[in-house]
Amino acid sequence: MKHLQINRLKGALVGILLSGITTLSVSAQSADGPKGMYKLKEIVQQDGKHVEADFLQYKYCLDNYTFTLGRSFPRTGIHSFNLGISNPDGKPLTYTGELSKTENKGIQTFATSDSTFTERWFNDRSDFNPRLFPFQTNIDEIYERVDSSDAMQQAMNLLQMKLGDKTHPLYGVWKLRGMQTKGTATSQYWVVPDKGERYTIFGSNNAAIVVPHPNFPKAQMNCFFTPCNYLKDNVIDCDGQAMIIHWFDDETISITRLADDGRPFVTIWDRCGLPQNVQQVFGTDVPQMTKDVSRYMVQDFVAQYGQQPDSIQKAFETFDFAIDANERNNAIFPVLMRNGFADEYKAMKDSLFARLMRAEISVDEAVGRYVYWFYKDFDRHTNCNAASFRKLQSETLVDYRKHIAKYAPEPVGCKVNDDTYLLRLPSCMGEVPTWDWLTAKAEEFKQSDCKNLILDLRGNGGGSDQYSLLFTSFMGSTGFSRDDYHFFRNSFENRRILKMWRENWDNAENDSVYADAFRSDEGSLITWRYWQKGTQEYEPLVRKAAIIVDNMSASAAESPVYFVRIHNGSRAKVYGKERTMGCDKTGNCNYIPLPHSNIILTYPMTVYGTFEETCKERNPGHKPDVIIPLPYPEQLTDNIDSWVLWVAKKM
């Protein structure tokens, strides 16, 4: 787009004379002067000769300003043009009446009909175009009012931010950050700024490229106006050239077009209002960009780290991208920052960055250790597949294969004794077991006359709460013992996932959260679900209940523990040796691949209100109510093992 702007802004740029600050008035004649947009219809010389101008010229008449707009004739096929905005003369256009046809009376302005007026001026300036403007004679310029479909009126509408109905996410003003030097549309790093400020305004069917002057309106501001067709959210046709849009978020995009040599030319743009001096002239008030983009600029990188090889540049981008993705999207991040962990977090992040840039650690280790800080002490849904992370993870969790000869839990639903029923649920993913199998076992339990129920969740890595809470609901005996909330982290990426869910599943809850997201601040936590104290009461189907867990019980397999503790009182107890994994305070994970690597960052988009309290303990997961004193069983498959027998006896 840079070459496009430069080429189009070359040529005959005609001054637009301004004089005052106002908004557009209704196009109509008044007693004081014309109002609205008028186009030069013809020139009448002092001797009465009518001549046709070889240029297009307009008068844009406002209450306190007069614009003189000019451009060359449109090219065949594509209706695009250049225009310039130059120093105002400080005067609105007012009627003087017809003073003289032959004498030099200065500027004479008078109405000739309801839709036309004449501006007469005496050419004593020079003999610069005798065919049109004979020297030392009066020249009459006849102007006729135009309607809103005229291209020049549409151009002025863009500058006044009258963009039409907002039907495309591109609508608005975008400031050029610079050229992406690697030619990579999906990266906003390694950007070289343009020599001056440049903006693009996208409207309903057109666009304007604006190159403002810092001293505007006393100095000229150049513009280029062109039709713009919005083919998709990420494809536009501007000035007859296809351009691809990549959305980094709602506020930053890349625009890719083919350069003259056939290579992709990528520029980065940030949503931003025009400079204040320009907005003051046109009566607009669009916020300026406030975010710091220095981390993405080549000169800032070189200033901080010096010239670095490509490998270090890629490592920098990978690690910085991971940090940015986590900070923007992870639901637990704002909770941790407001609960006293900000300084520790910053020190950890800065230390890893410094070591990475000194080539003391690899990018795999930097990302792995960064993510592990969240994983170890706060939330096990926050993780990644970096080799260094997997090693740290293995040192944190219990490897039951080292303690149990065959650790491969399988679905089981049967009586342990006359009073106790066992349901072993090794997964909540819906495959092993299936929902049909689970509901059939629920009916079997109801017909069994068993008064005690054991729910065995060892080895269950999670899935859907619908599976884990089916049997758990048989244990409930009260409503919620406290208010509880589930929050959604509002971000561009998370809204993208939520939008996809809405398109695939009919869910009023998703629709409501999605609507709330657009009314809420970026990065905020908005209510996903709310449970009021005393609601959702259950009729218990058991006399006593037990839930057996281990360190592999995660996410949906941890929900039953929270359920019985908030719904139950003493009717159900949790048995085991170790805490559960620690994924229960968050949910709805998303996955983001990191650039220049095979690393995938996993993070939760939602967080429960109780995380505000439990994060301070720095010990994820639920602790069992009863520690089983037995050694690990010899095997855990589809058998009734020693732990189940011990728990059944304790019940």
Side-chain angles (χ1 to χ4, degrees), residues 315 318-319 321-323 325-327 329-333 335-336 341 344-345 348-349 351-353 355-356 360-404 407-409 426-429 457-463 549-559 561 576-594 597-607 611 614-615 617-624 632 636:
T318 301
F319 188 49
F321 184 96
I323 292 171
N326 188 58
E327 291 181 354
N329 303 304
N330 195 326
I332 71 170
F333 184 78
V335 182
L336 293 177
F341 299 106
E344 178 185 341
Y345 168 75
M348 176 273 298
K349 178 179 67 173
S351 173
L352 289 173
F353 237 133
R355 295 178 64 195
L356 176 67
E360 295 176 0
I361 57 175
S362 67
V363 69
D364 183 282
E365 185 172 355
V367 172
R369 289 189 175 278
Y370 171 81
V371 175
Y372 185 70
W373 185 84
F374 294 89
Y375 179 90
K376 178 177 179 292
D377 290 343
F378 304 110
D379 169 58
R380 303 288 164 79
H381 270 145
T382 303
N383 62 81
C384 70
N385 63 341
S388 60
F389 175 85
R390 292 304 188 205
K391 183 176 184 300
L392 293 168
Q393 182 186 43
S394 68
E395 297 169 357
T396 304
L397 301 177
V398 177
D399 185 355
Y400 290 106
R401 293 170 300 179
K402 296 179 179 179
H403 304 282
I404 301 174
Y407 181 77
S427 171
C428 297
M429 298 300 292
L457 296 168
R458 285 175 289 175
N460 188 322
V549 297
D550 65 10
N551 205 204
M552 292 292 105
S553 303
S555 193
E558 296 174 278
S559 297
V561 179
K577 277 186 179 295
E578 297 86 19
R579 302 177 76 95
T580 59
M581 185 175 290
C583 303
D584 60 303
K585 298 299 188 293
T586 59
N588 299 292
C589 289
N590 188 28
Y591 311 91
I592 296 181
L594 305 187
S597 75
N598 295 318
I599 302 173
I600 297 175
L601 172 68
T602 302
Y603 70 90
M605 297 188 294
T606 59
V607 62
F611 183 76
T614 60
C615 71
E617 301 172 5
R618 304 188 73 143
N619 198 2
H622 292 286
K623 180 181 178 181
Y632 293 110
L636 184 63

Q: To the nearest 0.5 angstrom, please state how far the OG1 atom of T586 sits from the CG atom of N330.
A: 8.0 Å
**Q.** Distance-only donor-acceptor check, side chains Y372 and Q393, under 3.5 Å
**A.** no
Q) Is the ring centre of Y603 less than 6.0 Å from the ring centre of F374? A) no
Q | Evaluation steps, side-chain contact (heavy atoms from CB on, under 4.5 Å), between N385 and I599 | A | CA-CA 6 Å; N385 63 341; I599 302 173; 3.6 Å; yes
(Q) Once side chain to side chain contact (heavy atoms under 4.5 Å, CB included) is applied, do any residues pair with D377, and if so which ones, sequence neighbours excluded? (A) R618
Q. When rounded to the nearest 0.5 angstrom, what distance separates OG1 in T602 from CD1 in I600?
A. 7.0 Å
Q) With distance as the sole test, does S351 use its side chain to make a donor-acceptor pair with the main-chain N or O of M348 at under 3.5 Å? A) no
Q. Between G368 and S388, what is the shortest heavy-atom contact and its length?
A. CA-OG, 3.4 Å
Q: Specify the closest pair of heavy atoms between A366 and L352, including all atoms of both residues, with the distance to one decimal.
A: O-CD1, 3.7 Å
**Q.** Verdict with supporting geometry, F378 and N619, side-chain contact (heavy atoms from CB on, under 4.5 Å)
**A.** CA-CA 7 Å; F378 304 110; N619 198 2; over 6 Å; no
**Q.** Positive for side-chain hydrogen bond (donor to acceptor under 3.5 Å, both in side chains) with D584, one of R380, H622, H381
**A.** H622
Q. If you measure only the distance, is there a donor-acceptor pair under 3.5 Å linking the side chains of E327 and Y345?
A. yes
Q | Nearest-0.5 Å distance that lies between atom OG1 in T382 and atom CZ in F333 | A | 11.5 Å
Q. Any idea which heavy atoms bring S555 and G462 closest together, and the distance?
A. CB-CA, 4.2 Å
Q | Close side-chain approach of Y632 and D550, heavy atoms under 4.5 Å | A | no
Q.
For Y375, is there any backbone N or O sitting under 3.5 Å from a side-chain donor or acceptor partner on D379?
A. no
Q) Are the side chain of R458 and the backbone of S553 linked by a donor-acceptor contact shorter than 3.5 Å? A) no
Q. Is it the case that E578 and Y400 place a side-chain donor and acceptor less than 3.5 Å from each other?
A. yes
**Q.** Point-to-point distance, once rounded to the nearest 0.5 Å, from NZ of K349 to CZ of F319
**A.** 8.5 Å
Q | Point-to-point distance, once rounded to the nearest 0.5 Å, from CD of E365 to CZ of F389 | A | 14.0 Å
Q: Measure across L594 and F321 and return the closest heavy-atom pair with its distance rounded to 0.1 Å.
A: CD2-CD2, 3.8 Å
Q: Give the minimum heavy-atom separation between I361 and L356, together with the two atoms involved.
A: O-CD1, 3.6 Å
Q.
L336 vs C615, test: side-chain contact (heavy atoms from CB on, under 4.5 Å). Steps then yes/no.
A. CA-CA 7 Å; L336 293 177; C615 71; 3.9 Å; yes
Q | Approximate separation, where rounding is to 0.5 Å, of I332 CD1 and N326 CG | A | 7.0 Å
Q: Report yes if the side chains of N329 and N590 come closer than 4.5 Å at any heavy-atom pair, otherwise no.
A: no
Q. Taking the inter-plane angle between the rings of W373 and F341 on a 0 to 90° scale, is it parallel (under 30°), tilted (30 to 60°) or perpendicular (over 60°)?
A. perpendicular
Q) Between the side chains of T580 and E558, is a donor N or O closer than 3.5 angstrom to an acceptor N or O? A) yes
Q. Where the side chain of D364 meets the backbone of A386, is there a donor-acceptor pair that is under 3.5 Å apart?
A. no
Q: Answer with yes or no whether the side chains of N460 and S427 bring together a donor and an acceptor at under 3.5 Å.
A: no
**Q.** Taking every non-hydrogen atom, the tightest pair across I592 and A325
**A.** CD1-CB, 4.1 Å
Q. Just by distance, do the side chain of N551 and the backbone of L397 share a donor-acceptor pair under 3.5 Å?
A. no
